Amino acid sequence: MIARGLANDPRLLRLAALLGSPAQAFLDRQRGLQLLIKPAGPLAGISNLPWHHDCWYEAPPITCPSVTIGIQITGSTSETGRFEVIPGSQGKSVSPKLTSDEMAGWPQFGIDTEPGDVTVHLHDVLHASPAPTGDGGRATLYMTYYPPVLAEHVRVGEEISDMLDRRRSTPS
Ligand SMILES: [Fe+2]
């Protein structure tokens with residue numbers, strides 16, 4: 001109920017509308033409402049995200065254009081592993097195996113936040129959440145608004161990867 005209220009909160013809907021095309025939150029598929037927690041101390045796994053974008057190469061018309069809104073619970077800095085972006089990278093084709101050498105000279109922009117701030121990013125802008133440079137300790141709620149057509153392809157309880165696996169295993 002809280003997630004549904006948040007998805008339909010007029011303030012979030014107003015921010016999602018900045019996308020300029022129809023988009024809606026799906027709480028019953030994809031990852032719904034996501035809580036990213038980077039607890040203090042050493043981190044491992046996907047808490048630290050390398051540079052990437054969120055438009056699946058095999059399904060971009062389904063997953064994009066999309067927008068993700070991050071509600072900052074703790075606020076963030078480089079010491080806590082903040083959100084970082086490459087401004088202007090949206091709509092560009094990049095290799096999924098992008099290297100730091102290839103990115104030399106690209107404008108990397110870290111976003112410091114306070115509790116209660118929100119970040120808004122397009123799914124196809126390059127972004128990352130690097131390892132904390134300090135003690136860590138960050139929590140952010142993420143709500144994503146996808147094209148409505150996603151519901152025609154991704155079933156309840158599925159993520160995009162499940163849909164792709166299902167289609168690969170189904171004889172045509
Ligand atoms: Fe992402």
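Whatever order the structure lists them in is the order used to number ligands and atoms, beginning at 1. Because the structure is a prediction, the values reported are computed rather than measured.
Using a 4.5 Å heavy-atom cutoff, the side chains of Leu33 and Leu6 are in contact. With contacts defined as side-chain heavy-atom distances shorter than 4.5 Å, the pair Lys38/Asn48 qualifies.
Take the Fe ion (ligand 1) and draw a sphere of radius 2.8 Å; the protein N/O/S atoms inside it number 4.
Taking the six-membered ring for Trp and the full ring otherwise, His127 and His53 have centroids separated by 6.0 Å or more.
Among residues at least two apart or in separate chains, there is no side-chain hydrogen bond (donor to acceptor under 3.5 Å, both in side chains) pair with a member in residues 20-29.
Around the CG atom of Leu35, the shell of radius 6.0 Å holds more than 12 heavy atoms that belong to other residues, nucleotides or ligands.
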Subject >> side-chain contact (heavy atoms from CB on, under 4.5 Å) evaluation trace for Val154 with Ile160 >> reply: CA-CA 6 Å; Val154 180; Ile160 289 287; 3.5 Å; yes
